[in-house]
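This report refers to the structure that appears directly beneath it.
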Amino acid sequence: MFTINQIKEAHSKVKSGADFPNYIYDIKNLGVEKYKTYVADGHSVYYDKSNVKISSEPKYAGLKIEDTSNETQFKNDLKAHQKGKTNYLTFCNDCAKNGIEKWIVDISKMTCTYFDIKGNETLVEIIPSLN
């Protein structure tokens with residue numbers, strides 16, 4: 001079973017959204033199958049193949065998630081983050097302003113799905129391969 005410290009070490013290499021695919025492959029190698037990240041405080045819940053889970057501590061003070069999602073602006077902010085134009089905290093603030101409550105990464109499917117505060121899927125992205 002992986003540890004939060006191992007995940008933190010992998011995450012410490014991430015400077016922007018451009019580093020996200022490498023992070024996913026690093027935690028996949030640790031045995032992470034899926035994780036959920038909650039925008040309100042940045043904590044994540046990680047699952048292994050047996051559905052055993054561990055949770056991280058909150059990363060920052062609580063953010064207010066807007067009740068109405070703005071998918072167009074969220075997609076623009078996400079693209080900027082993926083190009084390395086914003087850091088993680090800025091991206092989380094952008095998510096909150098755009099009504100994104102959480103994202104779920106499914107490593108077996110190599111997808112990252114974003115959800116609004118009402119639990120609706122806002123966007124499903126394929127995580128790029130490292131080839």
Side-chain angles (χ1 to χ4, degrees):
M1 179 72 179
F2 50 85
T3 67
I4 288 295
N5 283 338
Q6 289 172 309
I7 292 169
K8 282 182 184 177
E9 183 178 324
H11 198 265
S12 72
K13 300 174 193 172
V14 178
K15 303 303 177 210
S16 73
D19 302 319
F20 183 71
N22 289 323
Y23 169 68
I24 294 303
Y25 282 90
D26 285 349
I27 65 171
K28 178 181 182 178
N29 290 332
L30 294 174
V32 176
E33 291 287 317
K34 171 175 75 171
Y35 73 90
K36 299 175 185 180
T37 297
Y38 296 88
V39 173
D41 64 5
H43 88 278
S44 296
V45 181
Y46 300 88
Y47 301 83
D48 70 6
K49 65 182 174 185
S50 302
N51 221 25
V52 174
K53 64 182 180 178
I54 59 172
S55 296
S56 70
E57 296 292 321
K59 292 187 180 351
Y60 45 79
L63 297 177
K64 182 192 179 313
I65 311 298
E66 292 298 322
D67 293 331
T68 305
S69 62
N70 184 338
E71 292 181 40
T72 302
Q73 185 60 50
F74 170 66
K75 289 176 183 175
N76 290 335
D77 292 340
L78 177 60
K79 285 179 187 175
H81 185 61
Q82 290 171 334
K83 291 178 182 176
K85 295 181 179 179
T86 61
N87 63 24
Y88 183 75
L89 185 56
T90 299
F91 175 66
C92 291
N93 274 289
D94 290 341
C95 285
K97 285 188 272 184
N98 291 309
I100 302 301
E101 178 193 30
K102 68 182 173 192
W103 61 84
I104 299 175
V105 172
D106 185 326
I107 294 176
S108 64
K109 294 179 183 175
M110 293 304 283
T111 58
C112 181
T113 306
Y114 298 89
F115 295 86
D116 68 16
I117 193 98
K118 296 172 186 148
N120 300 313
E121 281 187 10
T122 301
L123 177 66
V124 179
E125 286 200 307
I126 302 299
I127 298 168
S129 66
L130 294 179
N131 298 338

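The first residue in the sequence is number 1, and the count goes up from there.
- The structure places OG of Ser44 at 7.5 Å from NE2 of His11, a figure rounded to the nearest 0.5 Å.
- Not counting sequence neighbours, Phe115 has no partner by the ring-ring contact (aromatic ring centres under 6.0 Å, His included) test.
- For Asn29 (side chain) and Tyr25 (main-chain N/O), a donor-acceptor pair under 3.5 Å exists by modelled atom type.
- Screening residues 61-72 for side-chain hydrogen bond (donor to acceptor under 3.5 Å, both in side chains), with sequence neighbours left out, gives no hits.
- Summarising the geometry, atom CD1 belonging to Ile127 is positioned 4.5 Å from atom CD1 belonging to Ile24; distances are rounded to the nearest 0.5 Å.
- For the residue pair Val39 and Leu63, the shortest heavy atom distance occurs at O-CD1, 3.7 Å.
- Scanning all heavy atoms of the two residues, the minimum distance from Gln6 to Met1 falls at OE1-O, 4.3 Å.
- A distance of 7.0 Å separates OH in Tyr114 from CG in Leu123, rounded to the nearest 0.5 Å.
- Between the OH atom of Tyr23 and the NZ atom of Lys13 there is a distance of 11.0 Å, given to the nearest 0.5 Å.
- No option in Asp116, Thr122, Asp77, Asn93 other than Asp77 meets the side-chain hydrogen bond (donor to acceptor under 3.5 Å, both in side chains) test with Asn98.
- For the atom pair OG (Ser108) and NZ (Lys49), the distance works out to 12.5 Å, reported to the nearest 0.5 Å.
- Ring pair Phe91/Trp103 is tilted by interplanar angle, where 30° to 60° counts as tilted.
- Between Val32 and Asp48, the closest side-chain pair of non-hydrogen atoms is not below 4.5 Å.
- Side-chain contact, Asn87 with Thr90: a donor N or O sits under 3.5 Å from an acceptor N or O.
- Between His43 and the options Tyr35, Tyr38, Tyr60, a ring-ring contact (aromatic ring centres under 6.0 Å, His included) holds for only Tyr38.
- For the pair Ile27/Phe2, no side-chain contact is recorded, criterion being any heavy-atom separation below 4.5 Å from C-beta on.
- For Glu9, the CD atom counts as loosely surrounded, since its 6.0 Å shell holds 12 or fewer non-hydrogen atoms of other residues, nucleotides or ligands.
- Sorted by first and then second residue, the salt bridge (charged side-chain N to carboxylate O under 4.0 Å, His left out) pairs with a member in residues 86-108 read Asp94-Lys97; sequence neighbours excluded.
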